[in-house]
Novice: 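Below is a structure I'd like to ask you about.
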There are 2 protein chains.
Amino acid sequence: MAAMARSDKRPVTVHMIAKHVSVSASAVSTVLADRHEERRLAPATVERIRKAVRDLGYVPNVAARRLRAHDPEVHHIELGILTSFEAPLFLVSRVLRQVQRMADARTGPGRNFSVSIAMFHAGRLREMAGLLNASRFNGVVITNTLPDDDAFLAATTLPYAVVVLGRRLPNYCCVLDTPGEIGRRAAEILLGRGCRRPVVLTPALLTQSTAERAEAFCTTVRAKTGTDPARVVAAGFTPTNGAEALRAHLGAGRGCDGLYAVTDGLALGAYQAIKDAGRKIPKDIAVVGVGDHEHADFFDPPLTCVGPSNETIVEQIVTQLFDLMNRRRVKPVETFVPPSVVMRASA
Amino acid sequence: MAAMARSDKRPVTVHMIAKHVSVSASAVSTVLADRHEERRLAPATVERIRKAVRDLGYVPNVAARRLRAHDPEVHHIELGILTSFEAPLFLVSRVLRQVQRMADARTGPGRNFSVSIAMFHAGRLREMAGLLNASRFNGVVITNTLPDDDAFLAATTLPYAVVVLGRRLPNYCCVLDTPGEIGRRAAEILLGRGCRRPVVLTPALLTQSTAERAEAFCTTVRAKTGTDPARVVAAGFTPTNGAEALRAHLGAGRGCDGLYAVTDGLALGAYQAIKDAGRKIPKDIAVVGVGDHEHADFFDPPLTCVGPSNETIVEQIVTQLFDLMNRRRVKPVETFVPPSVVMRASA
DNA sequence: AGAAACAGCTAAATCCTTTTAGCTTCAAGC
DNA sequence: GCTTGAAGCTAAAAGGATTTAGCTGTTTCT
């Protein structure tokens with residue numbers, strides 16, 4: 001039966017079931033909604049329909065249901081946060097909560113919102129259903145894209161409200177931290193503590209933001225000390241990757257008295273490697289992260305962060321998204337948010 | 001203008017714009033899709049339409065677009081993970097990834113899936129748009145519900161594929177850890193280490209699962225030692241809440257040589273309170289968590305966990321969800337997954 | 001002058017479901 | 001024999017947007 005459904009050319013519709021059982025579409029719909037009692041369908045008919053529904057493998061078309069079911073007096077607005085599967089959800093969930101808050105404030109009779117998170121495979125944003133023909137969302141926030149996705153976006157202007165978080169793309173409203181600032185401040189903190197052998201820890205696959213942080217860090221260190229910092233490259237961006245990479249570096253006896261990790265996941269792994277090597281944070285090695293981990297404050301010792309200032313970023317994103325939807329803003333703008341520095345015990 | 005749009009009775013449709021400008025709906029649609037060049041609309045007309053679109057505050061109806069835009073040869077299936085805003089996303093994102101993996105495996109010509117996370121305000125699941133009339137999802141996984149939501153679900157059988165994670169509801173397929181097991185094992189570990197004054201740390205607002213963990217823990221301790229463990233209640237479930245609650249307990253001089261935290265967020269906060277009090281983990285106070293935190297392995301010391309075994313749970317959920325959608329399973333079943341124990345350094 | 005090309009637009013069909021109003025047939029009641 | 005009621009079903013409209021085919025004038029070419 002299942003195989004039969006699989007091999008069918010077209011999706012099964014209510015009409016096809018109706019034809020198959022020789023009844024009307026209305027009868028089928030009635031059964032699907034479990035309202036055959038109140039509408040007095042004969043039990044035998046109900047059974048025949050049920051069987052056909054099962055045998056043909058019917059799956060309702062939600063778009064059609066929605067169109068039909070919705071109250072024509074109310075406006076239903078669909079918002080999405082688009083992020084890659086591979087990325088952590090911390091910032092995303094903050095954005096979601098804030099979007100929801102603004103949506104709730106505008107919800108009333110005649111207007112309501114649905115906010116959801118949809119994920120794409122990193123580098124394959126273009127394959128996401130309904131993106132191009134605007135048939136899924138009234139407005140989206142896009143984040144955690146890879147270079148391929150950026151290229152796709154740059155080449156296609158999506159015909160609805162789009163705010164891009166953390167990337168610069170000329171044809172969209174973009175919100176991101178002030179270029180170069182984060183890496184520079186991180187370098188200043190480490191050098192300010194007297195670090196002589198700073199190290200930067202990055203994942204192998206750099207995004208626009210991580211690349212820029214590393215770059216600015218190196219540039220600043222070079223400018224102030226004349227030499228480039230060591231670069232330690234982790235296989236991925238999990239704590240495990242970070243721990244392995246740093247362990248290898250420390251194990252090889254190469255010096256390190258200050259570490260800048262371009263994501264907090266890596267910093268967390270670095271903590272473990274540093275402690276395993278018998279070094280103290282911050283006495284032997286000072287550590288600076290970026291504040292993209294929910295619990296940076298509960299690291300041991302608490303992690304000093306130079307990073308995007310999340311409240312401001314989220315606020316900007318949401319304001320722009322709603323402005324775009326109201327057509328109050330027309331031209332794309334780039335918004336740079338200065339980094340926030342949170343000094344804690346690790347540096 | 002915006003005010004005007006706000007006060008309108010009904011949502012603005014393409015037809016309303018058309019009437020307003022005295023052109024046909026086709027013309028308006030053409031302009032909305034930015035295809036007026038290829039379809040040779042007069043620039044003046046385009047401008048008039050554009051102005052009306054702005055003035056009337058048109059927002060497209062995505063359900064209608066989707067119905068029209070979709071390729072009738074392909075079946076589009078919409079899956080959702082429904083969770084509350086307040087809950088952490090760790091397990092949710094694992095479920096999502098696994099659902100997506102199974103969906104990808106079944107995607108082909110003629111069949112594709114969208115998976116998304118939708119959030120509800122804790123206790124107000126019933127207000128989620130499209131839940132009741134099945135006009136939003138073909139199948140959902142529901143989790144992180146509060147008692148009010150559970151009551152709502154128990155009273156309403158949603159007419160599509162639903163799997164409930166972490167709760168027992170008679171009318172749905174439920175997947176959850178074996179009742180009582182987690183708390184019991186946690187107690188055994190602490191008592192096995194010779195703890196005499198075990199403490200259980202819980203949030204003030206208990207869910208089915210947290211309540212049960214605490215209960216089973218207490219029962220086991222009572223059975224083996226004759227006395228109930230101390231109960232420390234945190235205001236919420238963040239690390240900060242946990243730290244505050246435990247600090248108060250330790251500060252008051254009440255004893256504690258073993259701690260069971262019913263969520264890892266609380267355990268993380270507890271670590272801080274314990275260290276601040278100058279006590280060592282696990283020497284002075286052993287700690288057991290539940291493994292719902294992504295990085296329990298990178299706590300310092302790594303957190304010993306007795307908790308749901310996530311791979312198994314996620315696998316069960318996804319299997320059942322797809323079975324339900326294929327109508328291969330009809331009756332609701334309860335699936336209990338035995339807890340997994342991960343001994344690390346904290347106990 | 002007549003044919004062809006073009007500019008600028010519209011009518012109607014289509015996507016899939018659900019619901020409303022109402023049609024047929026048969027049985028019971030007067 | 002005629003009305004009434006119920007049982008069991010159907011036809012058709014509606015929901016909003018998009019697209020296809022095609023219509024009406026005007027201009028250009030021969």
Novice: If you compare every side-chain N and O of B/R65 against the phosphate oxygens of D/dT18 (OP1, OP2), does one of them come in below 4.0 Å?
Specialist: yes
Novice: To the nearest angstrom, how far is B/E73 atom CD from C/dC16 atom C1'?
Specialist: 15 Å
Novice: Assign each of B/D71 and B/S22 to its nearest nucleotide of DNA chain C by heavy atoms, then name whichever residue's nucleotide is nearer the 5' end.
Specialist: B/S22
Novice: Compare the minimum distances between each of D/dG15, D/dA17, C/dC16 and the side chain of A/P72, then state the nucleotide with the smallest one.
Specialist: D/dG15
Novice: Between the side chains of A/R39 and A/T30, does any donor sit under 3.5 Å from an acceptor?
Specialist: yes
Novice: B/I17 has an atom CD1; how far is it from atom C1' of D/dG16, in whole Å?
Specialist: 11 Å
Novice: Could you go over nucleotides 20-25 of chain D and give all protein N or O partners under 3.5 Å, atom names and distances?
Specialist:
none

Novice: Counting side-chain heavy atoms from CB outward, which of D/dT18, D/dG15, C/dC9 is closest to B/L41?
Specialist: C/dC9
Novice: If I take atom CG in residue A/L67 and atom P in nucleotide D/dA13, what distance separates them, rounded to the nearest angstrom?
Specialist: 17 Å
Novice: Does any non-hydrogen side-chain atom of A/M325 lie less than 4.5 Å from one of B/V59?
Specialist: no
Novice: Give a yes/no on whether any side-chain N or O of B/R35 is located under 4.0 angstrom from OP1 or OP2 of D/dT19.
Specialist: yes
Novice: Let me know the distance between NZ of A/K19 and P of C/dC16, rounded to the nearest Å.
Specialist: 13 Å
Novice: Name all residues meeting the side-chain contact (heavy atoms from CB on, under 4.5 Å) criterion together with B/R168; count only those two or more places apart in sequence or in a different chain, and write none if there are none.
Specialist: B/L176, B/P179, B/Q208, B/E334, B/F336
Novice: Do we see a donor-acceptor contact under 3.5 Å between the side chains of B/H76 and B/S114?
Specialist: yes
Novice: How long is the line joining CZ of A/R66 and P of D/dG16, in whole Å?
Specialist: 14 Å
Novice: Within the 4.5 Å heavy-atom criterion, are A/R327 and B/V53 side-chain neighbours or not?
Specialist: yes
Novice: Below 4.0 angstrom from OP1 or OP2 of D/dG16, is there any side-chain N or O of B/Y58?
Specialist: no
Novice: Should A/T45 be listed as having a side-chain N or O under 4.0 Å from OP1 or OP2 of D/dG8?
Specialist: no
Novice: Between A/T145 and A/D150, do the side chains contain a donor N or O and an acceptor N or O under 3.5 Å apart?
Specialist: yes
Novice: Need one value for B/V23: base, sugar-phosphate or nothing, where a base atom within 4.0 Å counts as base even if backbone is also close, heavy atoms only.
Specialist: sugar-phosphate
Novice: From CD of A/E37 over to P of D/dA7, roughly how many Å is that when rounded to an integer?
Specialist: 12 Å
Novice: Does C/dC9 have its OP1 or OP2 closer than 4.0 Å to a side-chain nitrogen or oxygen of B/H36?
Specialist: no
Novice: May I ask you to check whether B/S84 and B/H121 show a side-chain donor-acceptor distance below 3.5 Å?
Specialist: no
